[in-house]
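Before any comments, here is the structure.
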Protein chains: 2
Amino acid sequence: MKPTIKDIAAKSGFSIATVSRVLGNKTGSYSEKTQIKILKVAKELGYRKNSVAVDLVKKRSDVIALIINATPTNFSTQIIDGIQQRASELGQGVIILYAGNRDNGLQHKAIITALERSVTGILLAAIEPDEQDLALLKASRIPYCFVSLYLGTRDILAVSSDNRDLAYQATQYLIDRGHTRISLVGIDGYHTGSQRQAGYRDAMAANQLTAADILSGDYSYESGVKLLQQVHDQGVTAVIAASDMVAAGLLTAAQQQGLTIPRDLSIMSIDGTIICQITTPALTSVTQDFYRIGSQSVNKVMGQPAEDFIPVVITERASVAVQK
Amino acid sequence: MKPTIKDIAAKSGFSIATVSRVLGNKTGSYSEKTQIKILKVAKELGYRKNSVAVDLVKKRSDVIALIINATPTNFSTQIIDGIQQRASELGQGVIILYAGNRDNGLQHKAIITALERSVTGILLAAIEPDEQDLALLKASRIPYCFVSLYLGTRDILAVSSDNRDLAYQATQYLIDRGHTRISLVGIDGYHTGSQRQAGYRDAMAANQLTAADILSGDYSYESGVKLLQQVHDQGVTAVIAASDMVAAGLLTAAQQQGLTIPRDLSIMSIDGTIICQITTPALTSVTQDFYRIGSQSVNKVMGQPAEDFIPVVITERASVAVQK
DNA sequence: TACAGTAAGGTAAACGTTTACGTAATCCGC
DNA sequence: GCGGATTACGTAAACGTTTACCTTACTGTA
């Protein structure tokens with residue numbers, strides 16, 4: 001049987017209250033001798049506190065739940081790093097709940113799990129909530145914040161890049177380099193997706209250019225591979241990929257078709273993870289600051305001042321050519 | 001205030017015992033009318049069970065803790081998928097605890113967190129435990145299993161590829177294609193690393209070839225980039241990379257030096273994740289079955305029959321040339 | 001001497017469940 | 001119409017902590 005404070009109390013001759021106090025460092029209500037003795041007994045017994053009991057009586061967990069989906073995207077580690085770092089500065093642990101791959105059932109289950117565990121806050125990374133999810137979250141009294149997803153209203157806590165601006169910048173970057181036929185590829189119609197679509201369309205319109213049809217996909221490598229043909233058919237000279245993975249898919253598919261990047265097609269990627277360095281040529285990207293997105297979202301959920309939108313930056317590599 | 005079963009009991013006119021029974025589906029000890037009424041009241045009140053209290057009285061969690069480190073490697077999603085899937089089949093939830101990047105402090109903290117939460121089992125993915133970690137784990141009464149890491153003894157539960165065999169196969173594959181000067185790059189001296197070193201050396205010896213010096217690193221992209229020069233200096237014709245990331249680093253560094261892969265240098269990678277498809281040329285790899293490693297480790301920790309070593313497979317892509 | 005104040009520690013309630021045990025009512029067979 | 005099962009519930013203890021509230025003994029001060 002795992003030893004409890006009761007065992008320590010019995011063996012040390014003090015009451016459980018005193019034991020609890022020294023173990024919890026509630027200084028000022030016990031003598032040094034007592035402290036030493038109790039600590040010694042605790043160590044002898046191999047005592048380890050039962051957090052479950054603590055949480056029950058304290059009615060909270062000092063734990064932030066991070067719900068994350070499994071889209072084989074690769075920025076999650078950076079987000080997690082940021083969250084972990086900031087959380088631990090604020091004395092919070094982090095547990096990660098996995099919501100499968102755009103699986104509404106698992107998503108819902110993950111939220112319920114978090115709710116049932118009376119965590120301090122819930123972070124939802126790259127999760128598109130459905131009505132039910134939102135209702136659940138709202139009904140609970142615990143704070144939640146979307147990470148890397150902006151639902152279009154300030155009423156719901158969120159930290160992300162400004163996706164409209166991000167796509168606008170990407171588009172403008174290509175236009176500035178002489179491209180006029182540009183398409184946007186591998187994107188969906190949910191919040192992030194439609195915000196980026198808007199940015200792309202606005203930038204095209206602002207330059208008196210006509211936007212191409214959006215080629216929709218799911219941000220994955222496979223999407224990129226599959227959509228290359230359609231990109232080719234559109235006859236564009238440059239493409240904005242919805243993610244590094246899409247960009248990588250486009251790139252390999254293009255090379256298999258005998259195209260030379262960027263001579264035959266310029267590719268601008270969105271994300272700027274390490275994937276961009278791995279490909280040949282390296283991918284020019286609009287780079288998001290995922291670490292900061294993560295750390296700021298912890299601030300948000302803990303009620304501290306935090307930024308809503310984290311600036312992006314364009315990282316020039318080798319996948320965009322100047323169009324004459 | 002969050003409603004409790006006490007509130008439901010009061011409002012429905014039954015005792016908390018009965019409420020608990022219908023909510024817990026302990027069939028056979030209440031009438032259908034009772035069930036309907038209680039369920040209705042519960043819904044009205046927006047009742048949600050407090051798992052913390054449940055865990056306390058039941059003295060267990062129905063949760064498996066997965067401790068994972070943040071090495072920016074990319075196979076973790078596959079492992080997590082396998083774990084999640086199998087765990088949910090066995091009625092277990094999964095919480096992921098993040099152990100930083102080879103950070104012994106965080107690692108230790110993560111283990112303690114798991115221990116304090118009376119989880120059903122602990123899975124340690126790609127974690128090299130130190131003495132303290134091991135002592136902690138052993139002292140607890142809860143089962144643990146290393147994932148994708150074999151500590152060299154059957155006394156400690158583990159599921160992984162057979163790393164010696166894996167490296168042997170990789171080496172033999174290159175030898176079979178005419179390479180005689182081969183080196184092993186980006187690897188460390190811990191368990192996985194030294195097992196692979198042994199496999200490499202054994203294969204070389206078995207073919208009367210002399211092994212090159214091992215070029216050590218930490219499985220990262222940066223390691224690969226940094227070590228390319230030394231590979232070049234060794235004058236080998238083929239190289240085995242410790243991971244896909246190392247392979248990718250070697251590849252881009254080589255291309256920057258003006259080398260053509262695989263004409264000037266053959267690269268054999270270890271892991272076989274999607275990274276191998278993204279690079280140009282695509283990387284030939286010995287591919288691990290991470291999903292299966294994950295799911296089998298759940299079996300292990302749940303006391304079910306499970307495999308110790310999951311077979312690997314060689315996936316031919318385009319980064320290895322035949323040496324005449 | 002008396003009294004307030006303080007240091008050190010004990011008592012017991014509370015957190016929200018589950019479940020062993022008890023009990024009253026109903027049912028069944030004969 | 002009696003005894004034993006069974007059904008449908010209630011009572012209360014237990015899980016391992018924290019903490020509000022007491023108690024006791026001592027210290028210092030007037």
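All chains are named by letter (A, B, ...) in the order of the sequence lines, taking the proteins before the strands, and each is independently numbered beginning at 1.
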Handout entry: Close side-chain approach of A:Leu137 to A:Ile156, heavy-atom, < 4.5 Å
Key = no
Practice task
Report yes if the side chains of A:Asn299 and A:Leu90 come closer than 4.5 Å at any heavy-atom pair, otherwise no.
Solution key: yes
Atom [atom1] of [X] to atom [atom2] of [N]: distance rounded to whole Å?
X       : N      : atom1 : atom2 : answer
A:Ile16 : C:dA14 : CD1   : P     : 15 Å
A:Ile5  : D:dC15 : CD1   : P     : 12 Å
B:Ile8  : D:dC9  : CD1   : P     : 16 Å
A:Leu23 : D:dT17 : CG    : C1'   : 11 Å
A:Arg21 : D:dT19 : CZ    : P     : 10 Å
B:Glu32 : D:dC9  : CD    : P     : 12 Å
B:Asp62 : C:dT17 : CG    : P     : 16 Å
A:Asn50 : D:dG16 : CG    : P     : 7 Å

Distance test, side-chain N/O of [X] to OP1/OP2 of [N], below 4.0 Å:
X       : N      : value
A:Ser31 : C:dG9  : yes
A:Lys59 : C:dG16 : yes
B:Thr34 : D:dA8  : no
B:Tyr30 : D:dT6  : no

The side chain of [X] is closest to which nucleotide in this list: [options]?
X       : options                : answer
A:Val54 : D:dT17, D:dT19, C:dG9  : D:dT17
A:Thr18 : D:dG16, C:dT17, C:dG10 : C:dG10
A:Leu56 : C:dC15, C:dA8, D:dT19  : C:dC15
A:Phe14 : C:dG9, D:dG10, C:dT17  : C:dG9

Exercise for the section: Please indicate whether B:Lys109 has more than 12 foreign heavy atoms, meaning atoms of other residues, nucleotides or ligands, lying under 6.0 Å from its NZ. Expected result: no
Handout entry: Carboxylate-amine/guanidinium contact B:Asp55 B:Arg117, below 4.0 Å
Key = no
Fill in the blank from the handout: Comparing B:Ser15 with B:Lys58, nearest DNA chain D nucleotide closer to 5' gives the residue B:Ser15
Exercise for the section: Would you mind classifying the nucleic acid contact of A:Ser29 as base, sugar-phosphate or nothing, using non-hydrogen atoms under 4.0 angstrom? Expected result: base
Exercise for the section: Would you indicate what A:Ser20 reaches in the nucleic acid, counting non-hydrogen atoms under 4.0 angstrom: base, sugar-phosphate, or nothing? Expected result: base
Fill in the blank from the handout: Between A:Val57 and A:Gly13, whichever has its closest DNA chain C nucleotide further toward 5' is A:Gly13
Handout entry: Heavy-atom pair with the smallest gap, counting every atom of A:Tyr98 and B:Thr77
Key = OH-O, 3.9 Å
